[in-house]
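Position 1 is the first residue of the sequence, and the numbers go up from there. Only a predicted model underlies this, so the values are computations on that prediction, with no experimental measurement involved.
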Amino acid sequence: MQGCTAANVLHELAWFINTRTVKEKLEPLEICAALVAAGIHDHDHPGVNNDFLIQTGHELSFRYNDKSVLESHHASSGVQILFCFEQNNFLSHMDDKSVLFFRDLVVSMVLATDMSVHFR
C-alpha cells in the first residue's frame, strides 16, 4: 500500500509543480528534490505511528530520540538508497555544494510530513 501512497503524492505534487505560479518560483534542483521527497516520504513504513513506536520502545524511537521517528527513518533510509548505491546516485556528476543542498531539501521536506510538529 505504501507504493500507492507514494505514487499518489508524487502525482499530485507533479501536478502542483506544473502550475505556472509554482513552476516559475522553483529551480530545477528544488523541483527534483521535492519529487524525490514525495517518493520516499513513507519509505520502509512499518504500518504504525510515531506514538506507538515510542510507547513500545521500538528501536527506531531510540535511534531518533523520540523526535519525528518515522519521518527521520523515511528520510534517512530513502536518502541512503540514493547515495549509497552508485547505480542510484543520479547526482554523482554534481558538485558537493549542490548535492548537500539537494539532500538538505529532501530531508527537510520529509521531516515536514510529521504533522505533530505543525500544531505545537
Side-chain angles (χ1 to χ4, degrees):
M1 192 62 160
Q2 294 172 37
C4 292
T5 301
N8 288 337
V9 171
L10 193 55
H11 179 264
E12 292 296 324
L13 179 63
W15 178 87
F16 181 68
I17 287 172
N18 270 319
T19 61
R20 188 171 49 120
T21 52
V22 175
K23 195 181 230 179
E24 293 172 349
K25 298 197 180 347
L26 296 175
E27 296 294 325
L29 191 60
E30 294 170 321
I31 292 171
C32 185
L35 294 171
V36 168
I40 69 167
H41 83 279
D42 268 349
H43 176 261
D44 198 31
H45 199 296
V48 296
N49 62 23
N50 284 331
D51 191 49
F52 180 85
L53 294 175
I54 293 166
Q55 296 304 318
T56 60
H58 192 277
E59 170 196 353
L60 291 175
S61 68
F62 288 105
R63 181 178 302 158
Y64 299 111
N65 299 309
D66 297 340
K67 305 285 189 251
S68 300
V69 176
L70 288 169
E71 295 75 16
S72 295
H73 178 64
H74 304 320
S76 176
S77 58
V79 167
Q80 282 179 25
I81 288 172
L82 175 61
F83 289 105
C84 293
F85 297 98
E86 189 176 332
Q87 70 270 20
N88 296 343
N89 189 354
F90 61 89
L91 302 172
S92 60
H93 68 285
M94 299 181 75
D95 63 275
D96 290 345
K97 184 177 178 183
S98 296
V99 171
L100 288 173
F101 176 68
F102 174 88
R103 185 173 159 214
D104 183 58
L105 283 175
V106 170
V107 169
S108 63
M109 285 186 239
V110 174
L111 291 177
T113 65
D114 183 356
M115 297 310 294
S116 70
V117 301
H118 296 278
F119 302 107
R120 288 185 190 160

Worksheet entry | Residues that S92 engages under side chain to side chain contact (heavy atoms under 4.5 Å, CB included), provided they are two or more places apart | N89
Worksheet entry | Hydrophobic cluster membership, V22 vs W15, 4.5 Å side-chain cutoff | yes
Worksheet item: Who pairs with L35 by side chain to side chain contact (heavy atoms under 4.5 Å, CB included), at least two apart in sequence or on another chain?
Response: L10, L13, A14, I17, I31
Worksheet entry | Residue pairs passing the side-chain hydrogen bond (donor to acceptor under 3.5 Å, both in side chains) test where at least one lies in residues 76-86, sequence neighbours excluded | H43-S77, S76-Q80
Worksheet item: Any sub-3.5 Å donor-acceptor pair from H45's side-chain atoms to D42's backbone N or O?
Response: no
Worksheet item: When hydrophobic residues are tied together by side-chain contacts of less than 4.5 Å, even through go-betweens, does M94 share a cluster with V36?
Response: yes
Item to complete: Please identify each residue that fulfils ring-ring contact (aromatic ring centres under 6.0 Å, His included) with H73, with sequence neighbours left out.
Response: none
Worksheet item: How would you list, by chain and number, every residue that makes a side chain to side chain contact (heavy atoms under 4.5 Å, CB included) with D95, sequence neighbours excluded?
Response: K97, S98
Worksheet item: H74 and I40: side chain to side chain contact (heavy atoms under 4.5 Å, CB included), yes or no, with the steps?
Response: CA-CA 6 Å; H74 304 320; I40 69 167; 5.9 Å; no
Discussion item. Determine whether a donor-acceptor pair (N or O, by modelled atom type, separation under 3.5 Å) exists between the side chain of E30 and the backbone of E27.
Written reply: yes
Expected list for residues 62-69: side-chain donor-acceptor pairs under 3.5 angstrom, two or more places apart:
residue, atom, partner, partner atom, Å
R63, NH2, E59, OE2, 2.3
S68, OG, D114, OD2, 2.6

Worksheet, complete the sentence: Cluster membership besides F119, Ile/Leu/Val/Met/Phe/Trp/Tyr side chains within less than 4.5 angstrom, sorted by chain and number, is M115
Worksheet entry | Spacing of I81 atom CD1 and D44 atom CG [to the nearest 0.5 Å] | 8.0 Å
Fill in: Inter-residue atom distance L60.CG - L53.CG, 0.5 Å rounding
6.0 Å
Response to the item:
Looking only at heavy atoms, the pair that brings G39 and A6 closest together is O-CB, 3.7 Å
Worksheet item: Under the side chain to side chain donor-acceptor pair (under 3.5 Å) test, which residues partner N18, sequence neighbours left out?
Response: K23
Discussion item. Just to verify, what does T56 make a side chain to side chain contact (heavy atoms under 4.5 Å, CB included) with, not counting sequence neighbours?
Written reply: F52, H58
Taking only distance into account, with no hydrogens and no angle test, what donor-acceptor pairs under 3.5 Å do side-chain atoms of residues 99-109 form with protein atoms, sequence neighbours excluded?
residue, atom, partner, partner atom, Å
S108, OG, D104, O, 3.0
S108, OG, L105, O, 3.0

Discussion item. Tell me whether F90 shares a hydrophobic cluster with V79, the cluster being built from Ile, Leu, Val, Met, Phe, Trp, Tyr side chains joined at under 4.5 Å.
Written reply: yes
Discussion item. Using the rule that Ile, Leu, Val, Met, Phe, Trp and Tyr join whenever any side-chain heavy atoms are under 4.5 Å apart, tell me whether F83 and L111 fall into a single cluster.
Written reply: yes
Discussion item. Going by salt bridge (charged side-chain N to carboxylate O under 4.0 Å, His left out), name the pairs with one or both residues in residues 71-80, residues two or more places apart or in two chains.
Written reply: none
